[in-house]
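Remarks on the structure that follows.
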Amino acid sequence: MAKTPHFPASFVDLLACPRCAAPLGADREAFRCTACAVEYPSVAKLPWLFADPEAKLAEWKSLAAVGLGELRESEALQKEALRATTLTPLAQRRMRKMLQATVENRKTLLELFEPFVAAATVETNADELRVLSKKLAATQSFSAYATNLFRDWAWSEAGAPPEADENIQALSAVLRAAAASHAGGDLMILGAGAGRLAFDLAFNPHFSRVLATDVHPILLSVGARAAAGRAVSLHELPLMPDGIDNAAVARRLVAPSAAPAAKLAHAFVDALEPALAREKADTVLTPWLLDILPESPALFAERVNALLKPGGVWLFHGTTAFRDGLSRDELLDLVGAAGFELVFTETVRLPYLCSPASGHGRRENVLGFAAKKVESRAMPAPFRVLPRWLAEGAEPIPRPQGLAQLALMHSLYAEVLALVDGRTTLVQLTAALAARKNLDPAALRGALTSFFAGVAELS
């Protein structure tokens with residue numbers, strides 16, 4: 001665990017305790033709440049500002065173990081495939097490149113994750129978390145959005161023309177919204193990801209300080225390194241490589257120049273429980289974030305409101321493919337209901353994840369808006385993926401009807417498995433179980449088909 005926070009002292013006033021929202025103080029040991037005295041560590045030399053920092057570290061330690069294990073499994077499969085006698089020389093060349101890249105990537109990722117593993121003092125079981133990880137948000141994954149690292153810090157330098165350079169196009173879109181709304185001052189970015197947009201905005205004279213926040217350890221820590229001019233080497237493995245030489249491409253992830261140190265800082269922060277000072281930001285930017293959050297857009301809009309000064313500006317940049325089929329017009333209406341006045345909107349068609357080494361990529365309709373805060377809203381209660389009785393364990397476990405149905409289904413599946421002997425057909429098993437349980441054979445056949453389809457996916 002890094003003991004001395006590598007975080008500019010001039011940015012500490014933008015932070016707050018994720019538990020009680022009181023100001024934070026930083027000393028040589030850690031970040032500490034000035035009210036409840038909870039201590040938050042510095043990990044990878046960045047503030048680790050989660051309500052339960054030890055639990056979050058343990059979670060990522062286990063996710064890293066799962067992710068690295070999957071990479072080792074991939075290596076084993078690639079080695080086995082290379083033993084095939086039917087491979088052509090070109091196929092062997094391609095697969096060797098991919099195997100070498102996978103091995104080197106695993107070593108680099110192991111090094112990158114070492115600070116997070118070392119900081120976790122709570123032991124966890126990777127196999128158990130593998131099940132839990134399926135229930136977590138899309139961002140809570142070891143390898144989530146790895147392509148964004150290459151997009152942010154390598155593809156521009158690979159020679160993409162301006163009209164196809166996603167970083168240039170994203171910066172231009174955000175600056176159009178900022179200019180139309182006179183946005184500037186202190187900028188907080190929620191969901192900064194790998195951080196190229198934050199880096200570019202730090203050079204804009206209208207923004208005095210840029211605070212980039214995200215929950216993902218690899219994305220944010222690599223982004224902070226790259227922005228400071230410290231390169232990270234990784235291999236890109238394109239989904240549809242454009243030629244054998246592009247099956248695995250060595251990339252050097254680093255900014256074209258060092259960011260102004262006095263204007264850019266990074267911190268690990270959960271956008272759904274933001275460890276950020278209330279009504280402190282002049283501008284809040286959410287790039288490609290709202291579509292992946294499990295919380296309703298209406299509540300999230302109120303979170304953004306609570307971070308902004310009166311008259312502050314929310315800048316939005318991202319997809320129009322929202323959850324539950326929410327339309328662009330519905331979103332803009334929700335923003336207005338959350339205490340904002342829309343002053344700028346546009347939808348432009350931009351390239352998205354179009355690697356110069358891949359034949360895969362797409363163009364998306366990207367929504368941009370600028371909304372000025374005209375009414376204040378209180379910060380909503382933290383979003384919980386799990387109910388309190390399950391997350392905290394101090395409340396009685398409820399007994400809903402679904403629990404009884406679950407018990408019945410597990411009992412039924414136990415009988416199903418007892419009848420599977422390597423000789424019985426699905427038709428025979430359906431007939432036997434339908435007679436034993438007095439169930440409709442047609443309905444039971446459908447249920448058993450779904451059950452065994454799931455089993456087949458695991459085999």
Checking Lys97 side chain against Ala247 main chain: does a donor-acceptor pair fall under 3.5 Å?
no

Which pair of heavy atoms, one from Ala371 and one from Leu342, lies closest together, and at what distance?
CB-CD2, 4.0 Å

Between Asp245 and Arg93, is the closest basic N to carboxylate O distance under 4.0 Å?
yes

Thinking salt bridges, do Asp282 and Lys309 make one under a 4.0 Å N-O criterion?
yes

Please check if the side chain of Trp153 supplies one atom and the backbone of Gly195 the other of a donor-acceptor pair under 3.5 Å.
no

Taking only Lys NZ, Arg NE, NH1 and NH2, and the carboxylate oxygens of Asp or Glu, determine whether Arg19 and Glu273 approach each other closer than 4.0 Å.
no

When you compare the side chain of Val366 with that of Thr347, does any pair of heavy atoms fall below 4.5 Å?
no

Taking atom CZ as the centre, does Arg252 end up with more than 12 heavy-atom neighbours from other residues, nucleotides or ligands that are less than 6.0 angstrom away?
no

Would Glu236 and Arg251 pass as an ion pair if we require N to O under 4.0 Å?
yes

Chi angles and distances behind the side-chain contact (heavy atoms from CB on, under 4.5 Å) call for Arg278, Leu307
CA-CA 5 Å; Arg278 308 304 190 245; Leu307 297 176; 4.3 Å; yes

Backbone of Glu70 reached by a side-chain donor or acceptor of Ser74 within 3.5 Å:
no

Look up atom CG in Leu197 and atom CG in Asn167, then write down how far apart they are to the nearest 0.5 Å.
8.5 Å

As an exercise, state the distance from CG of Leu171 to CG of Asp165, rounded to the nearest 0.5 Å.
10.0 Å

If only side-chain N and O atoms count, and only distance matters, is there a donor-acceptor pair under 3.5 Å linking Asp186 with Ser208?
yes

Taking all atoms of both residues into account, what is the closest heavy-atom pair of Leu299 and Pro380, and its distance?
O-CG, 3.6 Å

Strictly by modelled atom types, are Glu364 and Thr319 linked by a side-chain donor-acceptor pair under 3.5 Å?
yes

Distance in Å, Thr320 OG1 paired with Leu290 CG, rounded so as to fall on 0.5 Å steps:
11.5 Å

What class does the angle between the rings of Tyr352 and Trp288 fall in, given that below 30° is parallel, 30 to 60° is tilted and above 60° is perpendicular?
parallel

Determine, stepwise, if the pair Ser221 / Phe113 fulfils side-chain contact (heavy atoms from CB on, under 4.5 Å).
CA-CA 9 Å; Ser221 59; Phe113 244 101; over 6 Å; no

Tell me if the centroids of the rings in Trp48 and Phe116 come within less than 6.0 Å of each other.
yes

Phe207 and Phe203 aromatic centres sub-6.0 Å
no

Would Arg303 and Leu272 satisfy side-chain contact (heavy atoms from CB on, under 4.5 Å), going step by step from the backbone distance to the final call?
CA-CA 8 Å; Arg303 291 195 190 285; Leu272 299 179; 4.2 Å; yes

Distance under 6.0 Å and angle within 45° of the ring axis: does Lys56 meet both against Phe50?
yes

Within 45° cone and under 6.0 Å: Arg209 NZ/CZ vs Phe11 ring
yes

Do Val222 and Leu234 touch side chain to side chain, with heavy atoms closer than 4.5 Å?
no

Under a 4.5 Å cut-off applied to non-hydrogen side-chain atoms, are Ser172 and Leu175 in contact?
no

Say you draw a straight line from CG of Asn365 to CG of Leu350; how long is it, rounded to the nearest 0.5 Å?
9.0 Å

Smallest separation among heavy atoms of Val313 and Ser181, with atom names
CG1-OG, 3.5 Å

Under 3.5 Å, is there a donor-acceptor pair between the side chain of Lys79 and the main chain of Leu99?
no

Rounding to 0.5 Å, atoms NE2 (His216) and CG (Leu63) come to a distance of 8.5 Å

Between Met188 and Thr213, is any pair of side-chain heavy atoms under 4.5 Å apart?
no

Just wondering, do Pro18 and Tyr40 contact through their side chains at under 4.5 Å, heavy atoms?
yes

CG/Leu331 to CG/Asp329 distance, rounded to the nearest 0.5 angstrom?
9.5 Å

Got Ser355 and Phe150 here, is their nearest side-chain heavy-atom distance under 4.5 Å?
no

Leu15 and Leu211: side-chain contact (heavy atoms from CB on, under 4.5 Å), yes or no, with the steps?
CA-CA 10 Å; Leu15 305 177; Leu211 176 59; 4.0 Å; yes

Walk me through whether Arg151 and Glu166 qualify under salt bridge (Lys or Arg N to Asp or Glu O under 4.0 Å).
CA-CA 7 Å; Arg151 188 268 313 279; Glu166 297 176 35; 3.3 Å; yes

Does Glu111 CD have over 12 foreign heavy atoms under 6.0 Å away?
no

Is a side-chain N or O of Glu330 found less than 3.5 angstrom from the main chain of Ser327, in a donor-acceptor match?
yes

Any side-chain heavy atom of Thr286 within less than 4.5 Å of one from His317?
no

Indicate yes or no for a side-chain donor-acceptor contact from Arg230 to the backbone of Arg225 under 3.5 Å, with no hydrogens or angles considered.
no

For Ala81 and Met95, the nearest pair of non-hydrogen atoms, with its separation, is CB-CE, 3.1 Å

Which pair of heavy atoms, one from Asn305 and one from Lys373, lies closest together, and at what distance?
O-NZ, 2.8 Å

Nearest non-hydrogen partners of Arg328 and Leu367, listed with the distance
NE-CD1, 3.6 Å

When you check the gap from the basic side-chain N to the acidic O, do Glu375 and Arg377 get nearer than 4.0 Å?
yes

Trp314 and Phe340: aromatic ring centres closer than 6.0 Å?
yes

Side-chain heavy atoms of Leu253 within contact of Ser233, under 4.5 Å:
no

